[in-house]
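All figures in this text were calculated on a predicted structure; none of them were measured in a lab.
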Amino acid sequence: MSGTGTEPTRAPVAFGRWAVPQLFAELQQPEAGRRLRALESLCGLMHDPERLHQAAGGGQLSQLEVLLRDEDPPVRTKTCELLQLLTNHNIGRQAVLSSPLLPLLAGLLDDPSPSCRTNALHVLNHLTLLHAGASALLSLVPKLLLKLREEEEEEEVQLLLLSTLSCCSRLDPLPALASAGVPLLRHKLSHHSPNIRREAAAAMMALSVPVDGKQQVCEEVVLPVLVALLQDQNLEVQVNAAGAIMNTAIITTGKLLCLDLDVVPVLLDLVSEQKEEEDEERRRSRKALVIYSLRALTSLAEAPHGRRLLLEQLPLLMSRSETVEEDQDIRRAAQTAIRTVTWTP
């Protein structure tokens with residue numbers, strides 16, 4: 001009998017260390033309602049570190065394999081929610097990667113239940129926080145891009161897809177480049193949501209690392225969009241856009257296109273802007289933005305026109321390289337830019 005029409009309540013929980021084994025045993029019951037109640041109770045226990053470690057250990061997760069295939073959508077959804085709670089923690093991520101669940105979770109991206117699809121995607125996204133997880137999901141990149149083309153309404157799903165894609169592409173951008181990832185991401189860079197723009201720019205930054213990615217960024221007319229994002233209201237969008245420009249400006253075509261777009265004054269404004277950020281995270285982001293901008297300017301200075309423009313702005317670059325209070329990484333990036341600008345054969 002399906003438990004679709006009722007909201008599951010929690011199953012009774014045994015005391016102490018017996019709770020997790022008892023509930024996993026309850027998951028084997030034929031009635032969907034009992035399985036749901038056991039899953040609900042297990043989800044509640046995952047907020048207890050000791051119970052979480054117990055659930056992740058001992059190979060118990062393999063028992064969830066049958067539940068991910070369950071004919072009852074709420075059972076599949078709640079099982080993914082349990083795995084989502086587990087994979088919030090490193091030990092849970094490692095346990096899932098060591099289990100036979102990964103192919104089933106990938107298959108649930110096509111589940112008819114929207115909640116189940118979203119929960120499964122949360123789990124996969126958590127797994128990419130580990131190098132082994134991102135590596136295991138590289139074969140899923142074409143499917144992630146396909147789902148991203150389909151998901152035009154759900155912002156949460158788009159964010160998860162883009163974030164997962166970014167993590168995988170930082171490890172190896174070639175699967176996404178081979179699956180037309182650059183033109184798809186170009187479209188997402190203009191999304192009305194700053195969160196979508198941020199994640200799309202982060203993924204574009206990852207794809208622009210190899211030479212093929214830099215060339216595709218040039219060929220797919222992505223640079224005008226990235227240059228516009230340098231003035232976005234969202235700091236993280238600016239950082240990721242600057243990173244993608246920094247990567248692309250390494251090749252000659254990228255340099256020339258950036259110079260044609262008159263990006264030098266925009267980058268100089270970002271370099272000169274000094275704000276007292278309220279928290280440590282924003283200070284780190286502001287630092288990354290300045291360093292990426294300086295590195296992009298360094299690449300542009302390798303072109304004659306770029307060098308001429310930047311020779312006129314040496315005082316600004318000097319100010320970021322000589323101040324004692326300046327961050328050491330920013331000073332080094334500014335000094336490298338100055339050496340490139342002032343280089344003579």
Side-chain angles (χ1 to χ4, degrees), residues 165-178 180-186 189 200-232 236-271 285 287-311 313-314 316-317 320-321 329-345:
L165 179 65
S166 291
C167 290
C168 291
S169 296
R170 280 195 289 271
L171 181 64
D172 184 358
L174 299 183
L177 289 172
V182 170
L184 174 60
L185 290 174
R186 181 190 182 280
L189 289 173
M204 190 68 78
M205 182 177 173
L207 295 194
S208 62
V209 170
V211 173
D212 183 31
K214 302 180 202 305
Q215 292 171 339
Q216 288 193 37
V217 168
C218 295
E219 293 165 2
E220 296 293 339
V221 201
V222 179
L223 282 170
V225 187
L226 291 172
V227 171
L229 290 181
L230 290 177
Q231 301 180 72
D232 197 278
E236 294 299 329
V237 174
Q238 290 180 292
V239 172
N240 295 333
I245 290 170
M246 170 191 72
N247 289 339
T248 308
I250 290 174
I251 64 172
T252 301
T253 305
K255 287 179 178 57
L256 298 177
L257 288 173
C258 283
L259 290 168
D260 286 345
L261 291 166
D262 201 24
V263 74
V264 169
V266 183
L267 291 171
L268 287 169
D269 284 343
L270 295 175
V271 169
S285 296
K287 173 181 172 178
L289 178 59
V290 172
I291 290 175
Y292 292 165
S293 298
L294 283 167
R295 289 176 179 170
L297 289 168
T298 301
S299 292
L300 296 177
E302 294 171 357
H305 179 51
R307 181 176 288 111
R308 285 194 297 271
L309 290 173
L310 288 166
L311 278 171
Q313 301 296 330
L314 272 180
L316 190 158
L317 296 175
R320 300 297 322 231
S321 70
D329 295 325
I330 292 177
R331 287 179 66 184
R332 279 194 292 268
Q335 288 164 1
T336 301
I338 291 166
R339 283 195 300 270
T340 305
V341 171
T342 57
W343 178 85
T344 53

Is the closest side-chain heavy-atom distance between L230 and Q238 below 4.5 Å? no

Expected output: side-chain T248 to main-chain I245 donor-acceptor under 3.5 Å: no

Determine whether L165 and L185 make a side-chain contact, defined as any pair of heavy atoms from C-beta on separated by less than 4.5 Å. yes

Between L189 and M204 the two heavy atoms that sit nearest each other are CD1-CE, 4.0 Å

Could you tell me if the side chain of D172 sits less than 4.5 Å from the side chain of C168, heavy atoms only? no

Q216 side chain near L207 side chain, heavy-atom distance below 4.5 Å: no

Heavy-atom closest pair (A241 atom, A201 atom, distance to 0.1 Å) is N-CB, 4.1 Å

Residues in side chain to side chain contact (heavy atoms under 4.5 Å, CB included) with Q231, at least two apart? V266

Can you tell me how far apart CG (L294) and CG (L317) are? Round to the nearest 0.5 Å. 6.5 Å

For K214 and N247, indicate whether the former's side chain and the latter's backbone hold a donor-acceptor pair under 3.5 Å. yes

With distance as the sole test, does R170 use its side chain to make a donor-acceptor pair with the main-chain N or O of A206 at under 3.5 Å? no

Just wondering, do L310 and L268 contact through their side chains at under 4.5 Å, heavy atoms? yes

Just by distance, no angles: are the side chains of E236 and N240 close enough, under 3.5 Å, to form a donor-acceptor pair? no

Quick one: pull up CG in L261 and CG in L256 and give me the separation to the nearest 0.5 Å. 11.0 Å

Do you know the tightest heavy-atom contact between I330 and V290? CG2-CG1, 3.9 Å

Got a donor-acceptor contact below 3.5 angstrom from the S321 side chain to the Q335 backbone? no

Does R186 use its side chain to pair, donor to acceptor, with the backbone of E220 at less than 3.5 Å? yes

S299 and A249 have their tightest heavy-atom pair at CB-O, 3.5 Å

For the pair K255 and E302, evaluate salt bridge (Lys or Arg N to Asp or Glu O under 4.0 Å) and give the outcome as yes or no after the intermediate values. CA-CA 8 Å; K255 287 179 178 57; E302 294 171 357; 3.1 Å; yes

What residue among T253, L223, L257 forms side-chain contact (heavy atoms from CB on, under 4.5 Å) with V217? L223

Using 0.5 Å steps for rounding, measure from the CG atom of L267 to the CE atom of M246. 11.5 Å

Looking at V271, is its backbone amide N or carbonyl O close enough to the side chain of R320 to form a donor-acceptor pair, meaning the two atoms are under 3.5 Å apart? yes

State, without any angle test, whether T298 and R295 hold a side-chain donor-acceptor pair at a distance under 3.5 Å. no

Output the distance between atom CG (L311) and atom CD (Q313), rounded to the nearest 0.5 Å. 10.0 Å

Would you check if I251 and C218 make a side-chain contact, meaning some heavy-atom pair closer than 4.5 Å? yes

Provide the closest heavy-atom pair for V239 versus S285 in the form atom of the first, atom of the second, distance. CG2-O, 3.3 Å

Take V263 and L300 through the test side-chain contact (heavy atoms from CB on, under 4.5 Å) and record every step on the way to the result. CA-CA 10 Å; V263 74; L300 296 177; 3.6 Å; yes

